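Reviewing the structure listed below.
Owing to the predicted nature of the structure, the values given are computational and were not obtained by experimental measurement.
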Amino acid sequence: MISFNIANNIYSYENDNVTKIFFDLNNLTNNLSRVRMQPADTDACIHNIFVEYLNEYDVIQSSDAPEEEKIEFAIIMALLVKFLISKSRPVKILEIGFINSSLGYFLTKMARQFNTENKVFCVSNYLYDEAWIELIYRLEEAQENISVITASTGCEYLSENYFDFVIINGSEFMESPDITLQNAIRCCRTGGTLICSAKKQYFLQSYFEAYINGYENYPYDDINTILEKKINASDKSSVVSLSTSSKLEAWMQKIMDNCNCILNLMCSGNEISHDMLHSIIDVVDECETLSLEIVKYTDCHSLKNNLILLKEHILNFLYTTDSHYKSDLIEKINDVLFVILATKLD
């Protein structure tokens, strides 16, 4: 289960024992607070807000929602609190991609809690549904703090340096993640905060890692992570100067890292369960998707072909107890790594 304690730690626990701390807000309020909140004890106030929001999240989300989604939600809200608590003036918050998520509702509630003049703008490619309209009604007075925009999540139309806090919400699929990220950086003020919750949108995360230096990383499960960066002038210039070669290098590195993880698992001597193999297939699917992008720019069809063969071997291994498939898998992973190392990027 996920909770938030009076010491300002977001943590998970089983049988009353803490298993992992995902986020620590200790001393944040003492060091950064420029906001008067009620009650006067800001630490206690933030604790009460988080308890309230986590409980409401459980009510709004379906009971079978994965625990990882609640952890992700708690971390994003903690990053927003970290930002808001340091501001005495009204701020503008942008959420890119709000479909399939109640995050915009909570962003608006939290923003108003700090300053009634704070504004939240939620952008989506899609028309919002009845569930989202219901959330808008739940905001009551806070409806004046939110604007919902149905338009491209590429965000080319948004003003430069306009928003103080920008979050890319991977709950909604980004058709052009490179354009989305470039415009998210462009419209975020210098000194503002950019959050990327990529979920399983691997291109979105790989673009962020290629464009941005010095970001904070908050992993909340074995696959997914939240990326945070205070935007500076060099981040804005890197968007313009990022070359195709840099993108290809980032994608190649991602495939190499994934293959090395699989290789280490296969060579560990531990038993490989069916669940682990299904997870490995997901990773190989990601690599195959990346390879399809790579062949658009370079003659590297052998990489795609080797990844397809690797996936076939994993599927064979999934439905057999024959041990020789494990050695075949290791051989195919090494073939993929060899192709990557032998590929020259211009």
Original post:
Would a 4.5 Å heavy-atom cut-off, applied to side chains only, mark L103 and F73 as touching?
Top reply: yes
Subject >> Any donor-acceptor N/O pair, R186 side chain to L158 backbone, under 3.5 Å >> reply: yes
**OP:** Under the side chain to side chain contact (heavy atoms under 4.5 Å, CB included) rule, what do I185 and L194 come out as? Steps first, then yes or no, please.
**Re:** CA-CA 7 Å; I185 296 171; L194 175 63; 3.8 Å; yes
Original post:
Going by heavy atoms in the side chains, are R89 and E117 under 4.5 Å from each other?
Top reply: no
Subject >> K109/E56 ion pair, N-O < 4.0 Å >> reply: yes
Original post:
Is there side-chain contact between T193 and I231, with heavy atoms separated by less than 4.5 Å?
Top reply: no
**OP:** Using a 4.5 Å cut-off on heavy atoms from C-beta on, say whether the side chain of E69 contacts that of Y57.
**Re:** yes
**OP:** Examine I96 and Y215 and state if one hydrophobic cluster contains both, with Ile, Leu, Val, Met, Phe, Trp and Tyr joined whenever side-chain heavy atoms are less than 4.5 Å apart.
**Re:** yes
**OP:** Would you sort out whether L139 and N145 count as a side chain to side chain contact (heavy atoms under 4.5 Å, CB included), showing the intermediate values?
**Re:** CA-CA 9 Å; L139 285 171; N145 298 87; over 6 Å; no
Original post:
Is there a side chain to side chain contact (heavy atoms under 4.5 Å, CB included) between L54 and D58 once you walk through the steps?
Top reply: CA-CA 6 Å; L54 288 174; D58 284 336; 5.6 Å; no
Subject >> side-chain hydrogen bond (donor to acceptor under 3.5 Å, both in side chains) partners of N55, counting only residues at least two apart >> reply: none
Original post:
In terms of side-chain geometry, is the basic nitrogen of K230 or E216 positioned less than 4.0 Å from the acidic oxygen of its partner?
Top reply: no
Original post:
Are side-chain heavy atoms of E160 and C187 found at a separation under 4.5 Å?
Top reply: no
Subject >> Flag, side chain of T180 to backbone of T153, donor-acceptor distance under 3.5 Å >> reply: yes
**OP:** Return the set of residues passing ring-ring contact (aromatic ring centres under 6.0 Å, His included) with Y53 (not counting sequence neighbours), or none when no residue passes.
**Re:** F106
Original post:
Under 30°, 30 to 60°, or over 60°: which ring-plane class applies to F165 and F83, parallel, tilted or perpendicular?
Top reply: tilted
**OP:** Applying side-chain hydrogen bond (donor to acceptor under 3.5 Å, both in side chains), name anything that partners S152, two or more places apart in sequence or on another chain.
**Re:** none
Original post:
So, do V123 and L94 sit near enough that their side-chain heavy atoms are less than 4.5 Å apart?
Top reply: yes
**OP:** Not counting sequence neighbours, which residues clear salt bridge (Lys or Arg N to Asp or Glu O under 4.0 Å) with E141? List them please.
**Re:** R112
Subject >> Cluster link L227 to I179, ILVMFWY, side chain under 4.5 Å >> reply: no
Original post:
Between the side chain of K119 and the main-chain N/O of E144, is any donor-acceptor distance below 3.5 Å?
Top reply: yes
Subject >> Residues in side-chain hydrogen bond (donor to acceptor under 3.5 Å, both in side chains) contact with K92, at least two apart in sequence or another chain >> reply: none
Original post:
Side chains of I76 and I167: does their closest heavy-atom pair fall under 4.5 Å?
Top reply: yes
Original post:
Between N125 and T150, which heavy-atom pair has the shortest distance, and what is it?
Top reply: O-CG2, 4.2 Å
Original post:
Can you name the residues that form a side-chain hydrogen bond (donor to acceptor under 3.5 Å, both in side chains) with T108, not counting sequence neighbours?
Top reply: none
Original post:
Okay, side chain of N118, backbone of V91: is any donor-acceptor separation there less than 3.5 Å?
Top reply: yes
